[in-house]
Structure formats: C-alpha cells, structure tokens
Number of protein chains: 2
Amino acid sequence: MSSTAEKLVAETRQLIMKGGYHGFSYADLAERFGIRKASIHHHFPSKAGLVVAVIEQQRAEIQKHIASLESGTPVAVDQLLAYINYWKQCIQDETAPFCLAGVLAAELPGLPPEVAVAVQGHFNDLRKWLEHVLALGVQQGTIRLENSPAIAAEFFQAAVYGAMLMARAYKDPSKFGLVVDAFFRRMRVDAA
Amino acid sequence: MSSTAEKLVAETRQLIMKGGYHGFSYADLAERFGIRKASIHHHFPSKAGLVVAVIEQQRAEIQKHIASLESGTPVAVDQLLAYINYWKQCIQDETAPFCLAGVLAAELPGLPPEVAVAVQGHFNDLRKWLEHVLALGVQQGTIRLENSPAIAAEFFQAAVYGAMLMARAYKDPSKFGLVVDAFFRRMRVDAA
DNA sequence: TTAAGACTACCTACTAGAAGGTAGTCATTT
DNA sequence: AAATGACTACCTTCTAGTAGGTAGTCTTAA
C-alpha cells in the first residue's frame with residue numbers, strides 16, 4: 001500500500017471513531033490532506049471498500065499486537081491487563097477514544113454488507129482470543145470463572161464495550177477503567 | 001402534538017435505532033408515510049430538532065415506565081428484573097433492537113450539540129434510577145454490592161449497553177440475556 | 001348563522017451544497 | 001515507455017431546508 005493510501009486509512013479510522021460510517025465523507029478526507037476527492041477514489045474506488053480496508057488493517061494490527069503480547073509474557077492475567085491498559089491509555093489520551101468496530105457495530109443494520117461482515121470478523125477475532133487467554137488463566141490458577149471460558153469471553157467483551165460506551169456517553173475517560181477494573185477484579189483469584 | 005408528528009417521531013426512533021443520526025434522512029420518512037419532505041419540515045423544522053424530540057419523548061416514556069414499575073412492586077430486585085425483561089423482549093422481537101440513546105452515544109462526538117445534550121440526559125436519568133433501585137435492594141437485603149450504589153449503577157448500565165452491543169454485533173438476540181443475567185446474578189443475595 | 005380571520009397540514013417547486021463516483025489529462029518516477 | 005499519483009472537470013443523486021400556495025378546520029363575533 002502506498003504512503004498516501006496508508007495515511008487515508010489512518011485518517012478514516014479516526015473519522016469513523018468520531019462519527020461512524022455515515023458520519024464522514026471523502027470530502028472530509030480530501031480537506032485534511034489538501035487533495036481532491038477524485039484522488040482518494042484513485043486509491044479507494046468505493047467508500048465501503050475504504051472502510052473494509054480500515055477494519056482489516058485494524059484486525060491485522062491486533063493479531064500482531066496479540067502475538068507480541070504472548071511473546072512478552074506467558075501469564076494470562078498480565079496479557080489481559082496489558083489489553084485493558086492499552087485501551088485505558090487510548091481513551092485517556094484520545095488517540096483512539098472508541099473501538100473502531102464498536103462504533104460500527106452500533107449502526108450495523110445500516111452498514112453495507114461487506115462492512116458489516118468485516119466488523120463481525122473483528123468481534124469474532126477478539127472473542128476467540130479472550131476465550132483462549134481466559135482458559136489459560138484458569139489453567140494457571142490465577143483466574144476463576146463462573147462459566148465456561150467461551151461464555152466468560154463474551155461477558156468480558158461486553159464489559160469492555162459497555163465501559164467504552166460509558167466513557168463516551170459521560171465524556172469521562174476514567175469511566176472506562178472504573179468499570180473494566182471492577183469487572184476484571186472479580187475474575188482474578190488473587191484479587192485485592 | 002398532532003398524530004402525524006407522533007407517527008414521525010415513532011418512525012424516526014426506529015430509523016435511528018437501525019442506523020444512527022447520520023443513517024437516515026427526511027426522504028426516508030417522507031417515503032414511509034407517502035408525504036413530501038416539506039411536510040415533515042412543517043412539523044419539525046430541523047433534523048436536530050426532530051431527533052431531540054424523539055429522545056425527549058423516550059425520556060418521558062421511561063419516567064412513566066419507572067413510575068408504573070414502582071407502583072407495581074416495591075421490591076427492588078423485581079423492578080430490576082422487569083427492566084431487564086423489558087429489554088430482552090424488545091431485542092428478541094425486534095420492536096427495539098437497540099437503545100435509541102445507545103446508538104447515538106456511540107457517535108456522540110459527531111452529533112449536533114443539542115442532540116448530544118439530550119442523549120447525555122437520558123444516560124443520567126437511567127443512572128440515577130439504577131442507583132436508587134440498587135440502594136433500595138441493599139436496604140431490602142436482596143442485593144449485595146462490592147461498591148457504592150453510585151458505582152454499581154454505572155457498572156450495571158455498562159453491562160446492559162455492552163450486552164446490547166454484543167447482541168447486535170453477533171446478530172444474536174440471546175446474547176443480551178446471557179450477559180445481563182450472568183451479571184445480575186452476581187449482585188443478588190439469593191442467587192441460584 | 002354565517003362570514004372573517006387565524007390556524008393546520010399538506011402541497012409544488014425550488015435552492016445550495018454535499019454525497020459518492022467517473023473520465024480523461026498531466027507530470028513524475030522507475 | 002509505462003506505471004503512479006495526482007489533477008481538472010464533470011455527473012447524478014441525495015440532503016436539509018425554503019418560499020409560497022391551497023384546501024380544509026376551528027373560533028369568534030356581527
């Protein structure tokens with residue numbers, strides 16, 4: 001991918017996080033980079049295609065992130081904490097005030113089908129990883145679940161996205177940590 | 001409010017729940033009722049005004065709902081169960097596949113200011129009611145909290161909205177009940 | 001009791017601008 | 001020479017909103 005295409009993807013990501021799929025246009029992107037709308041169509045012929053590219057890039061980045069997390073520490077609890085802290089940081093400094101796929105999921109029935117499919121792909125990726133790490137934590141004796149890892153992963157995911165929505169709705173980034181920390185504490189065997 | 005205005009508000013509510021603020025237009029409404037766009041402007045001069053009317057109507061309805069809930073039963077746990085079951089029903093039969101304010105909150109930074117204010121108003125309403133009912137449950141000895149009722153209310157709210165997002169993202173209405181039930185069980189003293 | 005005036009809900013016709021997208025051109029680079 | 005990435009110059013459709021008009025209803029008062 002060319003550097004311009006990469007910049008377009010990065011900026012689109014920000015714009016979607018702000019206002020969703022229908023909340024931005026090629027004109028917004030053109031203005032930000034001082035180029036014409038037609039030049040954007042050269043890189044991404046359709047809006048749906050551009051947005052799918054943004055989601056897929058995000059998914060690829062997350063897979064890399066997970067890989068480096070797993071090579072960084074074999075401890076499940078530390079991996080989950082790193083995940084949580086990553087989002088705390090992003091929401092706090094507004095580099096990513098909301099999960100891209102989260103905003104899109106909220107308007108899922110109104111999205112072009114190919115975009116909806118990509119969004120659902122992200123949710124599945126994340127759920128599977130959480131299920132895997134939670135099962136690992138149980139095995140390591142640091143996590144205690146009241147349900148199967150599969151159910152707990154969905155529960156965890158709901159807590160993270162719910163917490164994000166709270167932070168946004170109340171315009172208070174600290175709400176994210178408040179909710180997620182309280183939630184995660186309950187899962188930990190050595191919780192304070 | 002005239003009956004046409006009421007119909008417009010009701011339909012707008014559905015359209016927002018589907019695709020958010022930027023996901024519908026006056027043309028959509030005009031088509032559904034077989035009237036002209038200009039006629040809609042007669043009832044609601046601006047889009048932001050229409051959407052604020054929808055949110056405010058919803059808020060008023062919820063206040064009525066809460067009042068009837070409280071006159072129906074003085075038991076906090078039953079009130080919370082009624083609230084949860086209301087949403088289970090709505091999501092299942094798709095009369096309201098998502099909370100109106102929830103969709104809008106996801107795109108909050110991209111909304112006209114007056115709409116954003118109304119959305120935040122709803123979140124505050126709900127949070128205050130939850131705080132009140134949870135405190136009542138503690139008093140009645142049927143609910144046990146690990147935090148203050150104020151914190152627990154935010155936690156509860158996050159679980160509900162997170163669960164809604166899961167149901168939508170996975171296109172599986174049962175996910176809502178799954179998450180919310182697991183969450184609520186932990187708060188109940190006599191939980192199975 | 002009936003006519004005037006105000007009000008309601010809709011209409012046609014229009015606007016400026018934004019939306020997503022296309023066709024063809026023109027420098028650079030490789 | 002040929003691919004790249006930008007350009008100008010369009011197009012069509014949609015968007016929110018306006019101007020002005022019409023037919024019917026409701027209120028009031030001679």
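Since this is a predicted model, take the numbers as computed values, not measurements.
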B:D93 and B:Q89: side chain donor to acceptor below 3.5 Å: yes

Residue-phosphate contact under 4.0 Å: A:R36 side-chain N/O, D:dT8 OP1/OP2: yes

Residue-phosphate contact under 4.0 Å: B:S2 side-chain N/O, C:dT8 OP1/OP2: no

OP1 or OP2 of C:dA9 under 4.0 Å from side-chain N/O of B:T4: no

Test ring-ring contact (aromatic ring centres under 6.0 Å, His included) applied to B:F98 - qualifying residues, sequence neighbours left out: none

Find every protein N or O atom lying less than 3.5 Å from an N or O atom of nucleotides 28-30 of chain C, and list the pairs.
none

Length of the NZ-P vector between A:K7 and D:dG5, whole Å: 12 Å

Residues in ring-ring contact (aromatic ring centres under 6.0 Å, His included) contact with B:H122, at least two apart in sequence or another chain: none

Side-chain heavy-atom pair B:F33, B:E11 within 4.5 angstrom cut-off: yes

Under 4.0 angstrom between A:H42 side-chain N/O and C:dG21 OP1 or OP2: no

side-chain hydrogen bond (donor to acceptor under 3.5 Å, both in side chains) partners for B:S68, two or more places apart: none

Side-chain (B:Y170) to main-chain (B:L165) donor-acceptor, under 3.5 angstrom: no

Produce the list of close N/O pairs, under 3.5 Å, pairing protein atoms with atoms of nucleotides 12-19 of chain D; give distances to one decimal.
from	atom 1	to	atom 2	distance (Å)
D:dT15	OP2	B:S25	OG	3.2
D:dA16	OP1	B:K47	NZ	2.8
D:dA16	OP2	B:Y26	N	3.1
D:dA16	N7	B:K37	NZ	3.2
D:dA16	N6	B:K37	NZ	3.3
D:dG17	OP2	B:K47	N	2.9
D:dG17	N7	B:H41	NE2	3.2

Side-chain ion pair, B:E131 and B:K128, N-O less than 4.0 Å: no

Value in whole Å for how far the P atom of D:dA6 lies from CG of A:L29: 13 Å

Distance test, side-chain N/O of B:S39 to OP1/OP2 of C:dA9, below 4.0 Å: no

Atom pair distance, as rounded to whole Å: CD1 in A:I35 and C1' in D:dT4: 14 Å

Parallel, tilted or perpendicular: ring planes of B:F184 versus B:F156, cut at 30 and 60 degrees: perpendicular

Report all side-chain donor-acceptor pairs from residues 104-120 of chain B shorter than 3.5 Å, counting only partners two or more places apart or in another chain.
from	atom 1	to	atom 2	distance (Å)
B:E107	OE2	B:Y21	N	2.6
B:Q120	NE2	A:A169	O	2.9

